[in-house]
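Reviewing the structure listed below.
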Protein chains: 4
Amino acid sequence: MALTTEQRVRRAAVKLFAAKGFHGTGIRDLAQAAKISPASLYHYMGTKEDLLAAIMRECLDRLLLAARQTLDTVDDPAGQLSALVTLHVMAHAAQPAETRVVDNEVGALSRGRRRVVVGLRDEYEAIWAGAIEKGVSAGVFDVPEPAVTRLALLEMCTGVARWYSPRGALSLDGLADRYAQLALRMLGGPPTGGETAAERAREVATRVWRIRP
Amino acid sequence: MALTTEQRVRRAAVKLFAAKGFHGTGIRDLAQAAKISPASLYHYMGTKEDLLAAIMRECLDRLLLAARQTLDTVDDPAGQLSALVTLHVMAHAAQPAETRVVDNEVGALSRGRRRVVVGLRDEYEAIWAGAIEKGVSAGVFDVPEPAVTRLALLEMCTGVARWYSPRGALSLDGLADRYAQLALRMLGGPPTGGETAAERAREVATRVWRIRP
Amino acid sequence: MALTTEQRVRRAAVKLFAAKGFHGTGIRDLAQAAKISPASLYHYMGTKEDLLAAIMRECLDRLLLAARQTLDTVDDPAGQLSALVTLHVMAHAAQPAETRVVDNEVGALSRGRRRVVVGLRDEYEAIWAGAIEKGVSAGVFDVPEPAVTRLALLEMCTGVARWYSPRGALSLDGLADRYAQLALRMLGGPPTGGETAAERAREVATRVWRIRP
Amino acid sequence: MALTTEQRVRRAAVKLFAAKGFHGTGIRDLAQAAKISPASLYHYMGTKEDLLAAIMRECLDRLLLAARQTLDTVDDPAGQLSALVTLHVMAHAAQPAETRVVDNEVGALSRGRRRVVVGLRDEYEAIWAGAIEKGVSAGVFDVPEPAVTRLALLEMCTGVARWYSPRGALSLDGLADRYAQLALRMLGGPPTGGETAAERAREVATRVWRIRP
DNA sequence: CATGAATGAGGGTTCATTCAT
DNA sequence: GATGAATGAACCCTCATTCAT
């Protein structure tokens, strides 16, 4: 099925913002990539910044949605962490451009919009913090500095967007598995556990980010 | 001691490129931050891109230098990894602006310059790859996918530049310790080991990045 | 009775051109004020300039018509002047937007159209000039520089469109009376006279500009 | 003496804003008329609106200054009115472009700036109102509606900017004389009087607007 | 009749850079 | 060594207008 113009614009923006940055991407670049005239762009977006904000908004909304949907059905801390890592890694591997825009271009937003985006990101991190805290309280995790460990984990998983290629040796699922294992090691948790939760996370991820199996 | 104009220019550039990106930083912003006129800037730099390239170059050179100097005196894989993590984390925590420029603005370089920078980065990663490989060969590390683990480790450590604040609870040394421990856990290595090498790395870092203890 | 779309467009244009000027009014402003889409505007007008020209044309045509109809039945110079002032003032007070467009936006017309409009205005001024000349010849008016006085009179009366408000103390008729008196004073004419002609002018004005008494 | 670039810019703006309106004048028109590049314009002005505001500001400031300086030395109402008319007419005849900009482009200013300009204009009109009031109180003027008469007078005098040409039959002084006479007639004042004040006004005008005799 | 989609031209403004002083 | 003046190119965005539906 052919893409609508609006979809072409969105995809061009995601691709270019990820590759050259928001300020490095001109309206003419955008138009060329979307195969319309610069003036026509403005039928499909407000300002360039509106477009950036919409991209970020949707990306974060999906991540939050996925995390909440998944954790609703998982109770044990190791499972929750496995699920969160799985989701995060799959999201960043499947949508590296979108997630890089979210991670790198927050500074290009105006104050008000930045506040919204940072707010969403904080909500999302709070979910991770809660899961880690739970595991520590239950004695499942051995973590001297939960906040540091949370940030280390998140940066590690987010980094996937900067290097993963689907043409490499590892499948999306394999990658997520590997990362879940690394995470549990970092948390000093049991060497296994959380496979069911990870499975559930893979299902949610497949749906939310339309990953073809 | 007062800073020279050249130093003021360099620091302004590092700060602004890190905060707003290369394309988001104008020559006038730079001049204002360095407290000279836009025209005078050009007595202390070539083009804006020259300035960016010089910043990256120096940052990567120092990291490479530090890594080589340290590994020269360390032989065991756990020690080498501890040392690399310590150096990398301290560099990124002590110079978050410089390192973020290196990480985020590679795409703003012209092709030729990008090649040089990517080359340096590859050299640096090769050092990490070597250390991991050595540990795997020696049976000290338990790592199914060395390349994936290397990238996970690097992203985790690099991420420090995006959140660490010296005003927080953790000292630079404490942070580096914690990260070294996380790294060894990820590698499935011995729970301890490498303390001497980390100590050596801290010394080198203190010298190379002029960290006051 | 509801307005036709064409009338809504015309009125929107008059209002906006008067308030923000021809160049300050966009096609989208026009469409919004007329409550149709920008594209639909073009079913009710030619180009934006066509619309401007039509507005000017009609406004000047009515003024000329009113002046001619009135002067046809008045012979004495004082009466003629009183009638002209009455008509001009009532037209400008009752239709300030239209007349301001005529006065201010002549420069926005293309050369050919400007010539037409200026031609109509010249015809109209010639009527004033004739009346003044007649009074001077008859010894009724004491005017050293007829041309200067004519222009002073006209500017004075035209200015009404820039300040008169029907919500103020003066009625349209009262205003016109006052101005007729001022005009006769300026012309050094008899302190009274021309009341009948002014009465006739009020009747014509009421009809031509649909003024409700 | 050659004009500075800043003066060329100012004059080009006055000329073009008067001829084609603020919105009808492009930045490129301005640059061409000032014989510099569009980019260079911005060394001599802030925004286009800043330029407009500065022009209006100066024009109104001078008018106020002239009025105050002149009235300081004149006490009788007929003299004051003669002086005000003389100044106003000479200002508008000598600087038709500037004054037309002030009169026609107030609507192009942003709210805050418009307030300032309207405030100055109100101050100026208050001076006229005071003089008329004084004459009415003293029984020198016969004016049923002082406010209406004031506005009629002002519009009449302002109109000079729309038609007077120094190449015509009337000199500036002659024009001002004629208008002062018309004004006294309108006010029902004495047929003569105020010659000394008018003389004083001509002197001030000559100085303030650098009129060559 | 009505309009979403489309666009070339141009809007005002800022860009990085040069150079005479 | 320092900078005001200058500019071509490009910036984001809006313009008036057309046309297929």
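Each chain gets a letter, A, B and so on, in the order the sequences are listed, and its residues count up from 1. In what follows, every heavy atom counts, from backbone to side chain, and hydrogens, waters and symmetry copies are set aside.
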Measure from the side chain of [X], starting at C-beta and using heavy atoms only, and say which of [options] lies closest.
X       : options                : answer
B/Tyr42 : E/dT18, F/dC11, E/dT13 : E/dT18
D/Thr47 : E/dT13, F/dC12, E/dC15 : E/dT13
B/Arg28 : F/dC12, E/dA16, F/dA16 : E/dA16
A/Ala39 : F/dG1, E/dA5, F/dT14   : F/dT14
B/Ser40 : F/dT3, E/dG12, E/dT17  : F/dT3

Length of the [atom1]-[atom2] vector between [X] and [N], whole Å:
X       : N      : atom1 : atom2 : value
A/His23 : F/dC11 : NE2   : P     : 14 Å
B/Ile27 : F/dA10 : CD1   : P     : 17 Å
A/Asp29 : F/dC13 : CG    : C1'   : 15 Å
B/Leu41 : F/dG4  : CG    : P     : 13 Å
B/Gln32 : E/dA16 : CD    : P     : 14 Å
D/Leu16 : E/dG12 : CG    : P     : 12 Å
A/Ile36 : E/dG4  : CD1   : C1'   : 13 Å
B/Lys48 : F/dA10 : NZ    : C1'   : 13 Å

**OP:** Using Watson-Crick or G-U wobble pairs with both distances under 3.5 Å, give me DNA chain E in dot-bracket, 5' to 3', with [ ] for crossers and | for pairs to another strand.
**Re:** .||||||||||||||||||||

Original post:
With a non-hydrogen cut-off below 4.0 angstrom, is A/Thr4 in contact with a base, only sugar-phosphate, or nothing?
Top reply: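 No contact at all - A/Thr4 keeps every heavy atom at 4.0 Å or more from the nucleic acid.
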
Original post:
What is the nucleic acid contact for A/Thr5, judged by heavy atoms within less than 4.0 Å: base, sugar-phosphate only, or nothing?
Top reply: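 Sugar-phosphate only.
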
Under 3.5 Å, side chain of [X] to main-chain N/O of [Y], donor-acceptor pair present?
X        : Y        : value
C/Asp122 : C/Gly119 : no
C/Glu49  : C/Leu109 : no
A/Asp29  : A/Gly26  : yes

Subject >> Rounded distance [0.5 Å steps], CE in C/Met45 versus NZ in C/Lys48 >> reply: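 Answer for the CE-NZ pair, C/Met45 versus C/Lys48, is 8.5 Å.
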
Subject >> Value rounded to 0.5 Å, distance of CG in C/Asp103 from CD in C/Glu98 >> reply: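 C/Asp103 atom CG to C/Glu98 atom CD measures 12.0 Å (nearest 0.5 Å).
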
Original post:
A/Met45 or D/Ser37: which one's nearest nucleotide on DNA chain F is closer to the 5' end?
Top reply: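 Result: D/Ser37.
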
Subject >> Neighbour count >12 (heavy atoms, 6.0 Å) for atom CZ, A/Arg162 >> reply: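 For A/Arg162, atom CZ is crowded (more than 12 foreign heavy atoms under 6.0 Å).
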
Subject >> side chain to side chain contact (heavy atoms under 4.5 Å, CB included) partner of B/Met56, chosen from B/Val102, B/Leu51, B/Thr99 >> reply: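 When B/Val102, B/Leu51, B/Thr99 are each tested with B/Met56, the side chain to side chain contact (heavy atoms under 4.5 Å, CB included) holds only for B/Val102.
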
Subject >> Closest-nucleotide 5' rank along DNA chain E - winner of D/Thr25 and A/Lys35 >> reply: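 Checking each residue's closest nucleotide, the 5'-ward one belongs to A/Lys35.
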
